[in-house]
Asks: 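Structure in structure tokens, see below.
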Amino acid sequence: MIPYLPASLPTPAPDPWETRFWAFCADRRLMFQSCAACGRVRHPPVPVCPHCRSTEEVWLEAGDDAELFTWTVVRHPSHPDLVGRVPYVVAIAAFPSLQGVRLLTNLLGDPEQPLSAGMKLALVWQEQAPGLFLPRFAAKDLS
Amino acid sequence: MRPNQACIVGIGQTRYTRWGGLSDTTELGLACEAILAAAADAGLDPTRIDGLTSFGDDRNEPALVASAIGMARLRLSAMLWGGGGGGSCGSVALAAMAVETGQAEYAVAFRSLAQGQTGRFGQYDPHWRHASFIHPFGAFAAPQLLALAVRRHMIDFGTTQEQLGHFALACRAHAQRNPAAVMRGRPLDMAGYLASRPISDPLKLLDCCLESDGACAVLVTTWERARDLRQAPAAILASAHGGRGDWSSGPLGAHNQPAAVYGGTGAQALAEELYARAGVTPADLDVAEIYDNFTGMALMTMEDFGLCGRGESGPFVESGAIAWPNGRLPVNTHGGCLSEAYIHGLNHVLEGVRQLRGHSTCQVADAEVCLVTGGPGPSPTSALILGKS
């Protein structure tokens, strides 16, 4: 599969507590950090639970319940490698089973496709650069 | 007014141009020009300036500015954290705190931009907050990231493209009367707005602020010292900076701000504190200068500062409420960042002072109380309530 955006785009440079998120992605598992003590989930990962201050973490796998929270169709490139690659869709996915988690991602398919908040989304893994697997989504009706 | 209460006694600015327009000087040169203009406006010997403040990673180091303008001493050099213009009003607040506590006597907040030499905004920046979670997905610049929040405001409240346009049109109309405005001489109607180039839906080119060269400065001292100066001071009725504890990188980062305030600026608590400290309510405002990095963000700011109800900013601007001279509450009477210049919103503070002096080119009759807000999106943001002396 040809990745949605060019392989030359910047790749993640994770902080130490973010590395597990990307390690799970490499295994094509979308996992979010949560607190081992109080159970609250958080994204992006942080070293301390802001609710109970525990530093113990467990990782929860996202269910197949992603929904479109909001989106933008990018029509003006702001990175040299995206010149000629617009339009494309940047979207925020939300997960009813993981309250509080929102994931910035892309929505695959025709960028002019009709979109609406709450649309059901299907997870699609794309290898954007060798070994870099990104969680992207497609509208379930169209996938 | 208490004798040691802070007030604004001088304002100064350079010429404002499109980005890259000022190539015969540097940011340091522009900063000096604006600061000296503020001192001249106040009738103060610049030797007596002893404090410098700025915001958002200003490149002009106070030691260089101090020696360039001939300050006798540098007793205050302070800068507020935060990207872009979040700290515009906060830089004035830092100056006010210093003069009220005796740590400086005459403090200047300044902002200087020569984008032709230092680089434009809106491009890829590898040091962006939470970059790992946004850059691989092609989200690099403020309009792309903030368009997501503006879209959500449309989803939640039915805000329309035309309503965003009404904000841009009001700023552009006000700029036609302002000789300093970059967009003077280029009037705009709704058809022209709707025809402007799409950048990142729903934001069009004319929803985005200008990129500019220029500098401006605000001179702050105490009420007691102001008596010996030339201008009637503008009272700083209240100042505040900050944000929610749970805002994180917010809409300019990983979009991990709380869901309940997603299509907003997170500034409600700051606004409540600001009004309480000033002893006024939104109903007491005569005029407001609202930081307008993008039309939709300015709409959310107006809601969070109580100019209208939550979700009501679209109909509010559509009704003509913010248009000078007949609107209920004229907003951005200088043209704002959309049509005067993008001096990271410190130019909004200057316009607030002009309103209270009665010198605006879109003067609100008998203006006595003015709200000025800083950049929405990042935390900290900031705000001021200014009053006529």
Side-chain angles (χ1 to χ4, degrees), chain A residues 3-7 9-15 18-19 21-22 25 42-46 50-51 68-82 85-94 99-107 111 115-118 126 128-129 132 134-136, chain B residues 120-156 196-205 207-208 244-260 262-263 294 296:
Chain A
Y4 189 66
L5 295 176
L9 284 189
T11 54
D15 290 328
E18 297 170 353
T19 53
F21 177 87
W22 293 105
C25 287
R42 58 204 194 221
H43 180 75
V46 287
H51 302 285
L68 181 61
F69 184 74
T70 185
W71 71 93
T72 181
V73 184
V74 177
R75 300 185 186 277
H76 175 78
S78 57
H79 188 283
D81 295 346
L82 291 168
R85 297 291 294 262
V86 292
Y88 60 91
V89 179
V90 173
I92 302 283
Q99 282 299 315
V101 169
R102 282 188 296 277
L103 182 71
L104 193 146
T105 183
N106 299 117
L107 198 61
L115 300 175
S116 59
Q126 284 200 333
Q128 177 146 310
L132 174 64
L134 296 182
R136 291 190 163 121
Chain B
R120 296 175 64 190
F121 301 110
Q123 305 294 315
Y124 164 59
D125 170 5
H127 304 296
W128 201 270
R129 311 158 202 85
H130 282 145
S132 292
F133 295 101
I134 59 178
H135 285 172
F137 302 95
F140 293 102
Q144 299 162 354
L145 289 161
L146 295 177
L148 294 163
V150 175
R151 168 79 66 194
R152 189 67 210 187
H153 194 273
M154 292 174 146
I155 293 164
D156 287 339
S196 75
R197 185 159 58 90
I199 299 297
S200 195
D201 298 348
L203 298 178
K204 296 170 172 289
L205 181 66
D207 290 299
C208 306
R244 296 175 62 106
D246 53 5
W247 194 249
S248 188
S249 60
L252 281 166
H255 285 255
N256 54 342
Q257 68 272 36
Y262 181 88
F294 301 96

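Residue numbers begin at 1 in each chain, while the letters A, B, ... track the order of the sequences. Just so you know, these numbers come straight off a predicted model, no measurement behind them.
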Asks: Is the shortest heavy-atom distance from the side chain of B:P126 to the side chain of A:P10 under 4.5 Å?
Replies: no
Asks: Answer with side chain, backbone, both or neither: which region of A:P135 has an atom nearer than 4.5 Å to a non-hydrogen atom of chain B?
Replies: both
Asks: Give me each pair satisfying salt bridge (charged side-chain N to carboxylate O under 4.0 Å, His left out) with a member in residues 134-154 of chain B, each pair once, sequence neighbours excluded.
Replies: B:R152-B:D156
Asks: So which part of A:F21 gets closer than 4.5 Å to some heavy atom of chain B, the side chain, the backbone, both or neither?
Replies: side chain
Asks: Okay, side chain of A:R75, backbone of B:P198: is any donor-acceptor separation there less than 3.5 Å?
Replies: no
Asks: Which atoms of B:I155 are under 4.5 Å from chain A, going by heavy atoms: the side chain, the backbone, both sets, or neither?
Replies: side chain
Asks: What part of B:L203 lies closer than 4.5 angstrom to a heavy atom of chain A: side chain, backbone, both or neither?
Replies: neither
Asks: Nearest 0.5 Å please: distance from the CG atom of A:L9 over to the CZ atom of B:F140.
Replies: 4.5 Å
Asks: Non-hydrogen atoms of chain A under 4.5 Å away: do they reach the side chain of B:A259, the backbone, both or neither?
Replies: both
Asks: I'd like to verify something: which residue of A:T105, A:T11, A:V46, A:L132 has the highest number of heavy-atom pairs under 4.5 Å with chain B?
Replies: A:T105
Asks: Let me confirm one number: the CG-CG distance from A:L115 to B:D201, rounded to the nearest 0.5 Å.
Replies: 10.0 Å
Asks: Tell me, side chain or backbone of A:L104 under 4.5 Å from chain B's heavy atoms, or both, or neither?
Replies: both
Asks: Below 4.5 Å from any heavy atom of chain B, which atoms of A:R136 appear? Answer side chain, backbone, both or neither.
Replies: side chain
Asks: Name the member of B:S248, B:A254, B:S200, B:A139 that forms the most heavy-atom pairs with chain A at distances under 4.5 Å.
Replies: B:S200
Asks: Please determine, among A:R85, A:Q128, A:R102, the option with the most heavy-atom pairs under 4.5 Å with chain B.
Replies: A:R102
Asks: When you measure from the side chain of A:T70 to the backbone of B:L148, do you find a donor-acceptor pair of N or O atoms at a distance under 3.5 Å?
Replies: yes
Asks: What part of A:P50 gets within 4.5 angstrom of chain B, counting heavy atoms only: side chain, backbone, both, or neither?
Replies: neither
Asks: Return the option, out of B:S132, B:A147, B:G245, with the maximum number of heavy-atom pairs under 4.5 Å with chain A.
Replies: B:S132
Asks: Find out whether B:Q144 and A:H76 are in side-chain contact, i.e. whether some heavy atom of one side chain is under 4.5 Å from a heavy atom of the other.
Replies: no
Asks: Under a 4.5 Å cut-off applied to non-hydrogen side-chain atoms, are A:T72 and B:V150 in contact?
Replies: no
Asks: Taking A:L5, A:L134, A:V73 one by one, which has the highest count of heavy-atom pairs under 4.5 Å against chain B?
Replies: A:V73
Asks: Considering only heavy atoms, which portion of B:H255 lies under 4.5 Å from any heavy atom of chain A: side chain, backbone, both, or neither?
Replies: both
Asks: Could you check whether A:H43 and B:F133 have their ring centres less than 6.0 Å apart?
Replies: yes
